[in-house]
Amino acid sequence: MHNEIETPDLSLLNKAQFDACTHNEGPAVVYAGAGSGKTRVICCRIAWLILNQGVPPSSILAVTFTNKAAKEMKERIEKYIGAQKAKNIIVSTFHAFCARFLRIYSHEAGYNPGFSIYDDNDQKSLLKDILKQLNVPDKLLSVNTVKSKIDKIKNQGLTPEEYLQDIKNNQDYSLKEQKYQLRQFGEHYDPELIQKVYAMYQRLMKQQNAMDFNDLLLVMFKLLENSPHVLESLQNRFRYFLIDEFQDTNPIQFKLVSLLSSKTKNLFIVGDDDQSIYSWRGAEPSFILNFHKEHENTKVYKLEENYRSSNTIISAATSVIKNNYKRADKSLYTKKTNGIKIKFKSCEDAFSESKYIANEIYSAIQNEEKFSDFCILYRTNAQSRSLEDELRRRMMPYIIYGSVRFYERAEIKILLAYLKLIINTTDEASFQKVINTPRRGFGDKALQNLKDLSIQRKETLLKTLNEVVFGGIENDITRSISGVKEFMMSYQKWRSNLDSHNKPSQILAEIISDIKFEAYLKTTHPEDFDERWLNVIELKNAIVEFEHIQIDDEFNFENKIQTGIEKLSKFIEQAMLTVEPTVVNVQQGNANAITLMTIHSAKGLEFPKVIIAGLEEGVLPHQNSLDSPEAIEEERRLMYVAITRAKEKLILTNCKRNRFKDFLPAQESRFISEIPFEVIDYADNQNKNIKKEFGKINTIEQKFVDKPRIFKGDDLLKQEMNSTQNDGVTWRKGQRVKHKVFGDGIIREIEKSSQGYRLKIKFEKSSIGEKTLIHTYVQPA
DNA sequence: TGTCCGCTCTTTTTT
DNA sequence: AGAGCGGACA
């Protein structure tokens, strides 16, 4: 036991960290509280395995939940053991891992190697077509509902056939889901119909050689289950599995990793049930809590000392999370001193909230603090807008994660669709995006006709169109083909160029010039053409850069990924699965910038100074969570994650946000009152009694706040009503009412919606006239 | 039949 | 605020 010191950090570990890090063989679970050094334990363990135990780097698989976390982990490991050795360790997300191996084993899985990855929108448009084909009216089953439902089934790891079985023998799962569905969407729920749509969806996806995000996991799992030789080859290669953030694992991911590790049983999992924030994606924190029961001889390690945050921050975090009923028994403590108090500022509107935040950072900068010390966290991406506006206005440098992903920008998306269609001729989603952009006089009607024809002929859209254009098939669309003829010819040229080992970047350049993309962007977006064109250039550069990277890790079996088409599909895969941050106002070569992101993406990260914005009821906790105690607990965990990102300084803000154009007065987030009064500094508020004030508002409003109501099927169709009653208050047409903001008014109409009741009110004094509002904040006059 | 304009509806988190 | 849809116009 002397050699451990060789790994740089081992001697700095505490007892629990050291024990976990040098855990020998077999299953292990590490309960790691926030800031207790779990990433360090994983990285040190990897280093220890390689340097001290002589484990070959390529037999280690480390899984994280975001690409950012994977990247950070990889960098840290490189620091410990050097880039050369670290190169062959696979550190990635579940999705990226699966995509990588599915490219290699695609034939066994029943797909072609050039399979497309469909994003949410592609998924939705396919589902929309299916619902249309099955004559399912939107009122009965909306695209959103069926998508969410199918995603959930896939998260459970069920194929359409298995789901059918599940409906037949196991009512529990369906019932559990039903409750969720109704709460979310208030629609009629019919498992058999969902199953039918799901089966058809999977069939078509396979036909189109496409996988959605969940398919990456599901298809991979089924492949391992059904092809023993593939499983064996992966089991022989991977012998050590380390999984971070295990509380966010969903059943399919759990099954996948269980199967892979079943041979060596060297499964090392790390997590914290208090930081479980992905239950909406099917994650089940029970996996980590019950892990030791399901795996014999599991060693349990507990990391409870926090090294990250001041005592003030820890006490705020622990007293918030204490309010959760469902959680494992454990504690988190720090030996650090109290440090500075937590600031809280309540603002008038989102604009002044952003201003306050920018001011706080600005004055800190004058005191020699760095921009990069600061991270601004929020619940929803939409909140970033006003913050960005303010930071941009003041020329403050920032890096924003999420929001508009690079590849989701319209101009990038369309070019990627061209590329995807060249790789995968059966990618119908891309075909539909591409065929009339730029305009070729081939509109909706023509597309619909083409779709009908292709269903009839059982051919892809592309092939069908090809036959109409060149094969002389007579059809309704024959007269709208003059514009697409040129496209079809270009397409054939691009494809044959790519086949003959041309460089992907050349193909992209050809596409851009052949379709006159620059001119197209200029006419359609004259106001921000420059920015869009810059994005196009950035895409070009990215591909060129990608061409230069040797894909030479040893899992590029027999150097498979060498041809243009393979490189290109790898590039697109990467674009689909990773989020590149957007950098604004940052001088070149300078990493000094404020970080902006959602709380979800901040998990696993830490910053000296953290600002949590938008602490209002309806934002954090989110509106959609207010009616469910479990959902509130998850929101609370989100708050806990947010607080524990901070090392030294925490600033909380909120405002009377203008949401969805309905002016709803803000109520302070309940989570603020869960923080001990004495650790909060209210000095920045004009009204020093703000806490009391908010308390008062809460009690006045609470009486009128109604839980969202759920209506099934036919109820939804009946929109008009004369009166209704909720929580003891009766609403009638013609009744005089008072609104918290707009004053006196008369109810004109009462509507039901999936959200609850909506009252159309004519206001007498306010300039807004007539407005439909959710009845919250309205009281009888 | 294609395109454009304005109206309506939605309204979380991520791979 | 933004996307998607339907209707009006060319």
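Each chain gets a letter, A, B and so on, in the order its sequence line appears, and its residues count up from 1. Below, each value reflects all heavy atoms present in this structure, side chains not excepted, and no hydrogens, waters or symmetry copies.
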Could you tell me the separation between the [atom1] atom of [X] and the [atom2] atom of [N], rounded to a whole number of Å?
X: A/Asn624; N: B/dT10; atom1: CG; atom2: P; answer: 13 Å
X: A/Met597; N: B/dT12; atom1: CE; atom2: P; answer: 21 Å
X: A/Glu245; N: B/dT15; atom1: CD; atom2: P; answer: 12 Å
X: A/Leu377; N: B/dT13; atom1: CG; atom2: C1'; answer: 13 Å

Ranking A/Glu635 and A/Thr93 by the position along DNA chain B of their nearest nucleotide, the one closer to 5' is A/Glu635
Stacking between A/His600 and the base of B/dT13 (centre distance under 5.5 Å, interplanar angle under 30°)?
-> no
I'd like to check the side-chain contact (heavy atoms from CB on, under 4.5 Å) partners of [X]; sequence neighbours left out, ordered by chain and number.
X: A/Thr598; answer: A/Tyr378, A/Asn381, A/His600, A/Ser601
X: A/Asn67; answer: A/Thr93, A/Thr578
X: A/Ser430; answer: A/Ala417, A/Lys420, A/Leu421, A/Asp427
X: A/Arg392; answer: A/Glu388, A/Tyr398, A/Val584, A/Asn585

Are the charged groups of A/Glu428 and A/Lys451 less than 4.0 angstrom apart, N to O? no
Q.
Would you say that A/Val63 contacts A/Gln253 through its side chain, given a criterion of any heavy-atom pair below 4.5 Å between the two side chains?
A. no
- Query: Do the non-hydrogen side-chain atoms of A/Asn436 and A/Leu447 ever get within less than 4.5 Å of each other?
  - Reply: no
Are [X] and [N] close enough that a side-chain N or O sits under 4.0 Å from OP1 or OP2?
X: A/Arg385; N: C/dG2; value: yes
X: A/Asn381; N: B/dT13; value: yes
X: A/Asn250; N: B/dT15; value: no
X: A/Thr598; N: B/dT12; value: no

What protein N or O atoms touch nucleotides 8-10 of chain C N or O atoms at under 3.5 angstrom, if any, and at what distances?
none

* Asked: Contact class for A/Thr66 vs. all strands (heavy atom < 4.0 Å): base, sugar-phosphate, or nothing?
  -> sugar-phosphate
Note to self: At 4.0 Å (heavy atoms only), tell me whether A/Phe94 reaches a base, stays on the sugar-phosphate, or touches nothing.
What the structure shows: nothing
Mind checking salt bridge (Lys or Arg N to Asp or Glu O under 4.0 Å) for [X] and listing every partner two or more places apart, or none if nothing turns up?
X: A/Lys433; value: A/Asp122
X: A/Lys68; value: none
X: A/Asp273; value: A/Lys330
X: A/Arg645; value: none

Expected list for residues 123-132 of chain A near DNA chain B, using heavy atoms below 4.0 Å, is none
For A/Phe351, the ring-ring contact (aromatic ring centres under 6.0 Å, His included) test, sequence neighbours excluded, returns none
Nucleotide N/O to protein N/O under 3.5 Å, stretch nucleotides 3-9 of chain B:
residue	atom	partner	partner atom	Å
B/dT3	OP2	A/Asn436	ND2	3.3

Side-chain contact check for A/Asn67: nearest option of B/dT15, B/dG2, B/dT12 is B/dT15
